[in-house]
Amino acid sequence: MPNNLTVIVLAAGGGTRMRSKTMKVLHEVGGRSMVGHVLMAVRALEPQSLVAVVGNQREQVGPHIRGYAPDVVLAVQEILDGTGGAVRVAVAAAAPVGTVLVVTGDTPLLEGESLKAFAAEHEAAERAVSILSGVLDDPFGYGRIVRDSDGDVEAIVEEKDATARQREIREISSGILAFNAEFLVAALPRLGNDNAKGEFYLTDVVRLARDAGLTVGAHPIADVVQTQGANDRAQLAELGREMNRRQLNRWMREGVTIMDPATTWVDADVRLAPDVTLLPGTQLLGATVVGEDAVIGPDTTLKDCEIGAGARIVRTHGELAVIGEEATVGPFSYLRPGTRLGARGKIGAFVEVKNSEIGDGAKVPHLSYVGDAEIGAGANIGAGTIFANYDGTAKHRTTIGPGANTGSNNTFIAPVTVGEGAMTGGGTVVREDVPPGALAVSAGPQRTLEGHAERRRTAAVDPGVAPTDADAGESSSDR
Ligand code: UD1
Ligand code: CA
């Protein structure tokens, strides 16, 4: 639907109050940058043109923004002289007509629907300026909405410029403003910077509109949290907690069981099917996807993982792993990137897996390291097995055939292949390929020295009884 809407996203400020080498708008809330959330919300408006103002660290911020909005026009604010200065460079880059909506880059809870309602209300009222406002218990730090005796908006006064009386006003400007483009373009050059910060405040456009006899309105949003910005780390954590609370409520409404919302964290890009159960201490991060009936937790962190329907993941740390339907993982498993477990497969206690495919119904139940391996369907790997994938220079792969059954405490020296249905004995160091259906053993025959243990004990008590030469040889290698 073509519209006359230009959206300007402000993202040039460094965010000194964050005390960070990372730009404020790149700080994450719910696994996504603050400006990323804002850009996702802006998408709902389908604006005719989108301009982002970048300044500090624009080499990072510019491409980051383009990742969310490929058609964005990036306008550079060379000198950070305030929100008014930022909008000046945006207007110069975009030459807007119709409606201009200015959105700050640090309000991650803002929803697309709220922006849509605000823009529609602004256009219907045919105002010069509309302010998305909110009533806060603690308005500290925000621009206050000053109204005249008729209740009409007179000005926005910034915290630092406000009188003690004005500071008591609890209606604040969210920093999200809508303008008639023609009026904005004419007003911007007239902004001054005679204020506490010595900056060009975009908010002063309100007074210019009033002086010109034009209409200004503030549209208070009921869900005021959406307009909250994060200026420091404490506010960032607060917004993160609020975003998480909102995500969890949404998933519970959609049929996900969350036993303890207070200790469960779900990032904004995670997708969960109905009847998933999340147990206490679960963190689902990045683009993790969980299928129906799967049970995750307790105490599990999964980042960018894909978990099949009906799978069970207990006390596990995983990243970029794909787990099949009805498979089981944990407790105490470490899934590294490239792990793929087939349907009904098992990765058991104290098992680390990296860049390996474990087939349908295959099992690695106990105490093992599986690196760069392919384990066929239905194979069973004995307890305490190491896939020795690294020869000190390069990584190599191990292939275990379908239905193979390997003994406990094996070492597979890659590259090596164990054929379909083959077996290996306990303690085997597999250096050579094992053909299908064969048994490989590498441990030597067992030597049993009758009476040796008894003689040692006696020698310890009475040094006069010396062990035999043969005994001495055995005991030194036993140590
Ligand atoms: C701003 C508003 C304030 C409002 C508050 C809401 C002004 C003067 N003040 O204050 O009324 O209540 O937001 O959160 O507009 N930016 C630039 N270039 C600059 C300065 C800032 O692009 O030169 C960007 C920042 O990156 C940020 C946004 O503008 O995304 C707001 O800047 P910030 O410094 O956070 O303004 P506040 O002091 O919070
Ligand atoms: Ca701010």
Side-chain angles (χ1 to χ4, degrees), residues 7-18 20 22-27 33-39 42 51-58 60-62 64-65 74-91 93 102-110 129 131-136 138-146 153 155-162 166-167 169-177 179 188 191-207 218 220-221 224-232 234-236 238-239:
V7 173
I8 299 173
V9 175
L10 304 185
T16 26
R17 290 166 278 183
M18 295 297 283
S20 175
T22 302
M23 275 277 294
K24 173 166 74 173
V25 297
L26 296 188
H27 278 266
S33 68
M34 291 203 276
V35 72
H37 284 285
V38 170
L39 292 163
V42 163
V51 188
V53 182
V54 294
N56 269 340
Q57 292 184 27
R58 56 180 176 266
Q60 276 95 50
V61 181
H64 181 88
I65 288 175
L74 295 173
V76 176
Q77 187 183 10
E78 295 287 353
I79 300 158
L80 298 179
D81 53 4
T83 50
V87 172
R88 275 181 189 159
V89 301
V91 160
V102 175
V103 184
T104 50
D106 63 347
T107 49
L109 293 170
L110 190 65
V129 186
I131 305 154
L132 186 64
S133 70
V135 178
L136 292 181
D138 176 14
F140 179 80
Y142 289 89
R144 308 297 204 284
I145 307 285
V146 179
V153 177
I156 301 175
V157 179
E158 294 303 306
E159 174 81 35
K160 284 190 173 161
D161 301 286
Q166 287 169 332
R167 286 193 182 130
I169 299 171
R170 289 169 52 230
E171 187 184 7
I172 57 97
S173 166
S174 65
I176 294 149
L177 306 172
F179 301 92
L188 285 172
L191 288 178
N193 61 355
D194 180 18
N195 52 50
K197 281 183 158 179
E199 288 185 352
F200 296 98
Y201 293 163
L202 178 64
T203 44
D204 285 347
V205 169
V206 169
R207 218 187 294 265
I221 184 170
V224 70
V225 176
Q226 283 188 41
T227 66
Q228 294 200 359
N231 294 319
D232 58 33
Q235 286 172 339
L236 189 72
E238 236 167 77
L239 293 189

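These numbers were taken from a predicted model, which means no experiment stands behind them. One-based numbering, in listed order, for ligands and for the atoms of each. For reference, positions follow the sequence shown, starting with 1.
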So if I count the atoms of ligand 1 from 1 in the order they appear, which ones are less than 4.0 Å from some heavy atom of [X]?
{"X": "Asp81", "value": "23 (O)"}
{"X": "Gln77", "value": "17 (C), 18 (N), 19 (C), 22 (O), 23 (O)"}
{"X": "Lys197", "value": "38 (O)"}

Considering only heavy atoms from C-beta outward, does the side chain of Asp204 approach that of Glu199 to under 4.5 Å? no
For residues Ile65 and Val9, determine if any side-chain heavy atom of one lies less than 4.5 Å from a side-chain heavy atom of the other. no
Give a yes or no on whether atom 35 (O) of ligand 1 lies under 4.0 Å from any heavy atom of the protein. yes
Does some non-hydrogen atom of the protein lie less than 4.0 angstrom from atom 8 (C) of ligand 1? yes
For the pair Gln166 and Val146, evaluate side chain to side chain contact (heavy atoms under 4.5 Å, CB included) and give the outcome as yes or no after the intermediate values. CA-CA 7 Å; Gln166 287 169 332; Val146 179; 4.0 Å; yes
Heavy-atom proximity to atom 10 (O) of ligand 1, best of Glu158, Lys160, Glu159: Glu158
The residue among Leu202, Leu188, Val91, Val87 that forms side chain to side chain contact (heavy atoms under 4.5 Å, CB included) with Phe179 is Leu202
With heavy atoms and a 4.0 Å threshold, my read on which part of Lys24 contacts ligand 1 is side chain
Does a side-chain N-to-carboxylate-O contact under 4.0 Å join Glu78 and Arg58? yes
If only side-chain N and O atoms count, and only distance matters, is there a donor-acceptor pair under 3.5 Å linking Lys160 with Asn195? no
Can an N, O or S atom be found in Asn231 less than 3.0 Å away from the Ca ion (ligand 2)? yes
